[in-house]
Amino acid sequence: MRSKVNERLQNLRIQHAYTYQNMADKLHICKAFYWQIEHNNRRVQYKLAKEIAAIFHLKPDDIFYHATN
């Protein structure tokens, strides 16, 4: 089941015209790992959340907290 956080991640990725592979490359992780994050199959640790938010010029709370409200 997808959450608002996962939908927010997908929407941000698509708005910036990034593929799963683009995101994985930027985060220095494999494409499958990023896909699992976006599809709610992996938990995101704070360090990675900060890196993801930085790609979109946001704070982690903008993606991972506010999206849940």
Distance (rounded to the nearest 0.5 Å) between Glu7 CD and Asn40 CG
10.5 Å
Side chains of Leu12 and Leu58: does their closest heavy-atom pair fall under 4.5 Å?
yes
Qualifying residues under side-chain hydrogen bond (donor to acceptor under 3.5 Å, both in side chains), relative to Asn11, sequence neighbours excluded
none
N/O donor-acceptor pairs under 3.5 Å from side chains in residues 24-35, not counting sequence neighbours:
| residue | atom | partner | partner atom | Å |
| --- | --- | --- | --- | --- |
| Asp25 | OD1 | Gln21 | NE2 | 2.8 |
| Tyr34 | OH | Glu38 | OE1 | 3.0 |
| Trp35 | NE1 | His39 | ND1 | 3.3 |

If you draw a 6.0 Å radius around CD in Gln15, do more than 12 non-hydrogen atoms from other residues or ligands fall strictly inside?
yes
Do Phe64 and Arg8 have side chains that get closer than 4.5 Å, going by heavy atoms?
no
Nearest-0.5 Å distance, CD1 of residue Ile14 to CG of residue Leu9
11.0 Å
Contacts satisfying salt bridge (charged side-chain N to carboxylate O under 4.0 Å, His left out) that involve residues 41-51 (not counting sequence neighbours) are none
Mind running side chain to side chain contact (heavy atoms under 4.5 Å, CB included) on Val44 and Val5 for me, showing each step along the way?
CA-CA 11 Å; Val44 179; Val5 170; over 6 Å; no
Smallest heavy-atom separation, Pro60 atom then Ala53 atom, equals N-CB, 3.5 Å
Find out whether Tyr18 and Ile55 are in side-chain contact, i.e. whether some heavy atom of one side chain is under 4.5 Å from a heavy atom of the other.
yes
